[in-house]
2 protein chains.
Amino acid sequence: MNVTIYDVAREANVSMATVSRVVNGNPNVKPATRKKVLKTIEELGYRPNAVARGLASKRTTTVGVIIPDISNMFFSELARGIDDIANMYKYNIILSNSDQNIDKEIKLINTMLEKQVDGIVYMGSRLTDEHLKEFKTSPVPIVLAATIEPTNAIPSVNIDYEEAGYEATKLLIDNGHTKLAFVTGLDETTANKAKHQGFVQALEEIEQTVDQTNVFRGDLSYQSGLKAVESLFDQTEKPTAIFAASDEIALGVIHGIQDLGLNVPADVEVIGFDNTRLAMMIRPTLSTVVQPVYDIGAVAMRLLTKYMNKEEVEESNVILPHQIIKRSSTK
Amino acid sequence: MNVTIYDVAREANVSMATVSRVVNGNPNVKPATRKKVLKTIEELGYRPNAVARGLASKRTTTVGVIIPDISNMFFSELARGIDDIANMYKYNIILSNSDQNIDKEIKLINTMLEKQVDGIVYMGSRLTDEHLKEFKTSPVPIVLAATIEPTNAIPSVNIDYEEAGYEATKLLIDNGHTKLAFVTGLDETTANKAKHQGFVQALEEIEQTVDQTNVFRGDLSYQSGLKAVESLFDQTEKPTAIFAASDEIALGVIHGIQDLGLNVPADVEVIGFDNTRLAMMIRPTLSTVVQPVYDIGAVAMRLLTKYMNKEEVEESNVILPHQIIKRSSTK
DNA sequence: TTGAAAGCGCTAACAA
DNA sequence: TTGTTAGCGCTTTCAA
């Protein structure tokens, strides 16, 4: 059997309550007593049982993190931001991959709640009514990270994807292009839908229509970018500028274009999205929309700590600034 | 107050024990009773409290995962393997980043143990005596993933890094090179040290010496690969073939070489390590050592489940096969 | 400044 | 097949 608080109390000739106070840094303990208790804790190698503590105090200092896919660079960077701030506030994270699968997402929320997490950071895409119901009835606070809930009923941290999409497209237009294309994922996540809307808005300003010929829907992978080029350049109206919904797609797009014997940016300009480390790891280096990924995670976690501590929150739907970095894939 | 097992028992006119049996799928319950209990569980919206369960049963169905940096592609892929198998066996993971910082690693092990995890998957580099002491005195099983403990005293899952390093170098040598260089991290992790040894061994066979002129120690980043080229090609004896300890380094090396106006592989051949997705995202595509990263995580977690279930384990230090994929960065 | 004692919500003998 | 009951290890009043 393990050493318990009771063993320490007996050895140190004090009550469990006193040991508990020492362990929790309660100031109402005489220095001499504290020292004595600390000494026997050391001697016995006592390690507090967080589960028992959690049951008694109803706080586990653990938060749930539901993430589409940790092996995706975008999300792993986000997760890092979450964990760093969690750590700073003495929380640990239970991390689970959802693969954007709705049933799994719902199941994970419930598992997390069963495990009595003190809060949840949620990342996903399509939010169904079922999601919203879970969010709203949750006994602990939930914060959405890089996940849009149109009615802003749930606390969240995002950037303005539509505006960002508009700006990225506008940059291309300002460089003189009229044949633009947008390459995105198949089932557009809400964020990608917003980027899409920004794209459409910018095109409308120059009276260009948007249809199947200039929007390619694949997945969010490098391979998909490659395929997009095949498809897009197989048409009579070939694009001269491409806006990709992620850096990884952009990378595929650039290589696809190069494989066609064309030059980026001379023949075709390309702009990505996310500014993952990938952006610098390609030639030409990638112009892209900087989404402060790490910060989104960090701010989401910080926001969650406020809710968990029942602190006053002035703004529950945080929009972080984005910017566009021009590198060599655009002129 | 939340709905407890007691509330369900009262409403359903059965004892807590019966409710517990139903919840845990114990077959010793009359179907009619089960149905009745299930119904009131539904009605009351009862959600079992895993913390209370953990305290009573001494099992939390949670495992700790200590990882250097989840935002690093290599580790995030590993983590994905771990989580998938964990999920399959109904475990959740508490994930924490250590940044390879020894104090933090030790502290994390203790935090995990306080939280009563049922086991730990550990990834790190240098293992000190203090690490080993913690591993050996841990009340729950610990498995090392992609982490070498030279005496094999702790269960682990790895590939044969030395052999892999040897083979990678040999490939370069067989292509006719005598001026080879190895680019690695600063404080060599045990795995990188093994790669290094393989490099040395291969060079010894062609009677080439290894010194500062052909080993560059930076960190494991893209930038470091760039710097390595600067340094390596600033010497009179310039290498004609480079073995990089990771794909990300290799990417930097290739771009550094290209920036010098040289061609890969015509002027300099490059081979990487890990076969992360990056390997395909570069031109020329990267020849690299395939380390089954996802599998290492998956197998480590699987091994851990065996220990947690006190199953018989035939081999506690698993060596997974590696291979070398030749792409376009070598001839 | 300290201690006594009542839970926290559940599991797991054991008994019936 | 079901119920009773004693913990699991800790926090938290409340009283002293």
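We name chains A, B, ... by the order of the sequence lines, and we start the count at 1 in each one.
- The interatomic distance linking Arg53(B) (CZ) with dG9(D) (P) rounds to 18 Å, in whole Å.
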_From CA spacing to verdict: side chain to side chain donor-acceptor pair (under 3.5 Å), Asn92(A), Thr62(A)_ = CA-CA 5 Å; Asn92(A) 287 104; Thr62(A) 302; 5.3 Å; no
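- If you take CD on Gln291(A) and OH on Tyr161(A), they are separated by 3.5 Å, rounding to the nearest 0.5 Å.
- With salt bridges taken as basic N to acidic carboxylate O contacts below 4.0 Å, none links Lys136(B) and Asp129(B).
- Here Lys58(B) reaches the OP1 or OP2 of dG9(D): one of its side-chain N or O atoms lies under 4.0 Å away.
- Within the 4.5 Å cutoff, side-chain heavy atoms of Met308(A) are placed close to those of Val63(A).
- To the nearest angstrom, P of dG9(D) lies 16 Å from CD1 of Ile41(A).
- Heavy-atom distances to DNA chain D give each of Ala52(A) and Pro27(B) a nearest nucleotide, and the one nearer the 5′ end belongs to Pro27(B).
- Remark: C1' of dA12(C) and CG of Leu55(B) are 13 Å apart, rounded to the nearest angstrom.
- For the pair Tyr46(B) and dC10(C), the criterion of a side-chain N or O lying under 4.0 Å from OP1 or OP2 is met.
- Spacing between atom CD of Glu114(A) and atom P of dG9(C) amounts to 15 Å, rounded to whole angstrom units.
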What N/O pairs connect the protein and nucleotides 2-4 of chain C at under 3.5 Å? Give each pair on its own line.
residue : atom : partner  : partner atom : Å
dT2(C)  : OP1  : Thr33(A) : OG1          : 2.3
dT2(C)  : OP2  : Lys30(A) : N            : 2.8
dG3(C)  : OP2  : Ser15(A) : N            : 2.8
dG3(C)  : OP2  : Ser15(A) : OG           : 3.1
dG3(C)  : OP2  : Thr18(A) : OG1          : 2.7
dG3(C)  : N7   : Arg21(A) : NH1          : 3.4
dG3(C)  : N7   : Arg21(A) : NH2          : 3.4
dG3(C)  : O6   : Arg21(A) : NH2          : 2.6

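- Lys115(B) contributes atom NZ, which lies 11.0 Å from atom OG1 of Thr60(B) (distance to the nearest 0.5 angstrom).
- Looking at heavy atoms from C-beta onward, Glu42(A) lies out of side-chain contact with Leu38(A) at the 4.5 angstrom threshold.
- Atom pair Arg47(B):CZ and dG9(C):P shows a separation of 14 Å (rounding to whole Å applied).
- Regarding Gln116(A), its CD atom lies at a distance of 8 Å from the P atom of dC10(C), rounded to whole Å.
- The separation between Arg10(B) atom CZ and dG9(C) atom P is 13 Å, rounded to whole Å.
- Taking 4.0 angstrom as the limit, Asn2(A) places none of its side-chain polar atoms (N or O) nearer than this to OP1 or OP2 of dG9(D).
- Residue Ser57(A) is in sugar-phosphate contact alone, with no base atom involved, counting any heavy-atom pair closer than 4.0 Å across all strands shown.
- Expressed to the nearest 0.5 Å, how far NZ of Lys107(A) lies from CE of Met112(A) amounts to 11.0 Å.
- One can place CG of Asn49(A) at 18 Å from P of dC8(C), the figure rounded to the nearest angstrom.
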